[in-house]
Amino acid sequence: MRWRALLAWALSHLMLATGAVLMLAPFVWMLLTSIRPAEEVFGAVFNPIPSRFAGVENYAQALFASNVPRAMVNGAVVCLGILAVQLATALPAAYALARLPFPGRGMLFGLVLFGLTIPIQVPALPLYLALAETGLLDTFFALMFPFFLTVFGLFLFRQFFRTYPEEILQAARLDGMGEFEIVWRLAVPAALPAIGAFSVFSVVAHWNDLYWPLIVVTSTERATPPLGILAFRDAETGGNYGALMAGATLITAPLVVAFLVARRGFVRGLTMTGLK
Amino acid sequence: MSDGESAEGVRLVGIVKSFGATRVLAGLDLAVRAGEFLTLLGPSGCGKSTLLRIIAGLERQDQGTVAIAGRPVDHLPPAERDVAMVFQSYALYPHMTVAGNLATPLEMRRLSLFERLPVIRHLSPRRRRVMRGIMAEVRAVAEALRIEALLDRKPAQLSGGQRQRVALGRAMVRHPSVFLMDEPLSNLDAALRVEVRHELSDLHARLGTTFIYVTHDQVEAMTMSSRIALMDQGRILQLGTPDELYHRPASLAVARFIGSPSLTVLDTVADGGGGVRLGALRLPFGHRFAAGTRLAVGIRPEAFALPLGPEADGPALAARLVRAENLGAEWHLHVRLDLPEEPAAIVRLTAAEHEAARGLGLLDDPLTLVLQARGVHLFGPDGVRVEPDRVRTVVTE
């Protein structure tokens, strides 16, 4: 009996460990490569541990001789811009869809759900043409514009607001709050965990997005992090994979650090909204 | 303007409300006097909470008008009706402190929208001055309710009784002309409920404001109200003082609802001479119904007495004791009356009466129960109470 329990324990941990190794291996390899001297990356001898610590020169090149820092600043501007407009539109709209009775509400929400099924690739061409027509290509606006309205966020917040106690809303109306004021004074503070979870999704998606920036951005001044890496590989380093991996590490680090810091809140936000 | 009009608290005329195909309120009229404590009492689903929400403006009636202090308010949103409401769940703002909860109704009235906006509000110099006045009033209300020590806490850190007080404070702080309360005691434990009942009565006496109180608990209604409107199925069955509802119930339905334990109802027929027969017993009521008319006799549990002395005089019934319940100060005897079909009845005795009766051997089967006229009511075929005095004069004419 004890042996079987032990065996089950060992087996389950072995499976989890295998999964963890598979998931982590590329990251570990990236970290190792980022401190490996250039001549060793394609060396004949396979040696997991670099023979010499080349982190300083690799990271120096990624930081000072490349577009990576610029791309990270751009990424921050784009992600925060998108997130701000997403929250400013999705929160009131979700409140209205969840709590205000008006004709056509069911149909509107049906359209929202329908919107969930449309991938960005479908409207990409018309969006591109419109941006080209208005001369807005290769701007921050072009990078952010298609993502200002978030169907996913709308859906997430609506589900959350549906669980908010009706009597508190009625008390607020008796106290003299209008519906917009209810949103910012009552609904938003209550929805903070959901807002946090959504923000993680949104920032991760747009920080890592390659597809849309590749379409609308041509100059390195507007490059987002993935574009920065791309440009780094093509133009400047050629075969310097050590510096490239140092750049990739720099670009991955903010999200990993943010997730580690906010891990508990993120999981709670997801479980609170009933999504998972 | 006459005195009657100026003393008007809330007037409801012809209120009709349906949810889908369900008619919740069926053309209801009610005049609440200024300064009275009026209770809307009734079983769940009788429409009392809906009526309260219509007065508050949280629901819109399909037909009819609501007037507060003589002024029609049908077109006004809830905030402009000068009413405050205490909810069953208290409905405190969960992320605000107690002070924030109490201050909110005043902030909404005294600060402009600009002065309430997040961040930007700090730009207004006037805001700080107004907020100081508001916080002074908040503190005064908190002291009156003895919650000043809780001002910095969040609702989640409060007990049920404390939350209830904060909800009350949030209603009081803006001095409304009408307080609306929707079962505010139902989430409290029994001991606290008694305490808060006294406090609400005191508060009503002190403020002199109109209270409209919704409950399904007849004890709350009987102990606090100036008047009770007993509701069922979207109508008011009877509007009157607690005494009137208990001692002169307008109908069988009212008599059944008010009083605990419930009164015993015996079906009978008119005997043609103004009386009814219960087995061998004849009760002279002096009614006008033709012989054979189906009537009902309602007997309060305390209207059954045991023949303990000469004062217990009157028509008597025999009964068989089924079960005796000891409630400490009183006993409830569950009996079967010696009538056709052996109807069940409940007899209420004080502890002293019970002890005396046991000493005299009056609790041995069969019991003799003497009917006391004050607690015996006659109801006509439509369930409407037959008023003995009025009817008797008609008969003697």
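Each chain gets a letter, A, B and so on, in the order its sequence line appears, and its residues count up from 1.
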**Student:** Kindly check if the number of other-residue, nucleotide or ligand heavy atoms within 6.0 Å of CD (Gln121(A)) is above 12?
**Tutor:** yes
**Student:** Above 12 or not: heavy atoms from other molecules or residues under 6.0 Å from CZ of Phe27(A)?
**Tutor:**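 Atom CZ in Phe27(A) is not crowded, with 12 or fewer foreign heavy atoms closer than 6.0 Å.
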**Student:** I need the minimum non-hydrogen distance between Gly176(A) and Ala79(B), along with the two atoms involved.
**Tutor:**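 Residues Gly176(A) and Ala79(B), closest heavy atoms: CA-CB, 3.3 Å.
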**Student:** Just wondering, more than 12 heavy atoms not from Arg105(A) lying within 6.0 Å of its CZ?
**Tutor:** yes
**Student:** Mark yes when over 12 heavy atoms from residues, nucleotides or ligands other than Phe180(A) sit less than 6.0 Å from its CZ; otherwise mark no.
**Tutor:**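 Result for CZ/Phe180(A): open.
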**Student:** In terms of heavy-atom contacts, does OH of Tyr128(A) have more than 12 from other residues, nucleotides or ligands at under 6.0 Å?
**Tutor:**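 No, the 6.0 Å shell around OH holds no more than 12 heavy atoms from other groups.
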**Student:** How many angstroms lie between atom CG of Leu117(B) and atom CD of Glu181(A), to the nearest 0.5 angstrom?
**Tutor:** 7.5 Å
**Student:** With chain A as the partner, which of Pro105(B), Ala56(B), Ala167(B), Pro78(B) has the greatest number of non-hydrogen pairs under 4.5 Å?
**Tutor:**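 Highest number of pairs under 4.5 Å: Pro105(B).
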**Student:** Please find the pair of heavy atoms, one from Asp175(A) and one from Met108(B), that lie closest to each other, and give the distance.
**Tutor:**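 Heavy atoms of Asp175(A) and Met108(B) come nearest at O-CB, 3.1 Å.
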**Student:** At what distance, to the nearest 0.5 angstrom, does CG of Leu174(A) lie from CZ of Arg174(B)?
**Tutor:**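 It comes to 6.0 Å.
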**Student:** Which answer fits Val86(B), side chain, backbone, both or neither, if we ask what part of it has an atom under 4.5 Å from a heavy atom of chain A?
**Tutor:**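 It is neither, since no heavy atom gets under 4.5 Å.
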**Student:** Distance check, rounded to the nearest 0.5 Å: Arg116(B) atom CZ versus Arg185(A) atom CZ?
**Tutor:**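 CZ of Arg185(A) is found 6.5 Å from CZ of Arg116(B).
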**Student:** Please determine whether the number of non-hydrogen atoms from other residues, nucleotides or ligands lying under 6.0 Å from atom CZ of Phe114(A) exceeds 12.
**Tutor:** no
**Student:** What part of Leu113(B) is in contact with chain A, defined as an atom under 4.5 angstrom from a non-hydrogen atom: side chain, backbone, both or neither?
**Tutor:**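 Side chain only.
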**Student:** Do other residues, nucleotides or ligands put more than 12 heavy atoms under 6.0 Å from Tyr93(B) OH?
**Tutor:**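 Yes, OH of Tyr93(B) has more than 12 neighbouring heavy atoms, counting only those of other groups under 6.0 Å.
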**Student:** Is there a donor-acceptor pair under 3.5 Å between the side chain of Glu167(A) and the backbone N or O of Phe87(B)?
**Tutor:**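 Not at all, since once roles are kept as given, no pair shorter than 3.5 Å links the two residues.
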**Student:** Count the heavy atoms of every other residue, nucleotide or ligand shown that sit under 6.0 Å from CZ of Arg158(A), and state whether that count exceeds 12.
**Tutor:** yes
**Student:** Using non-hydrogen atoms only, which part of Glu107(B) is less than 4.5 Å away from chain A: side chain, backbone, both, or neither?
**Tutor:** side chain
**Student:** What are the two closest heavy atoms between Pro94(B) and Tyr164(A), and how far apart are they?
**Tutor:** CD-OH, 3.7 Å
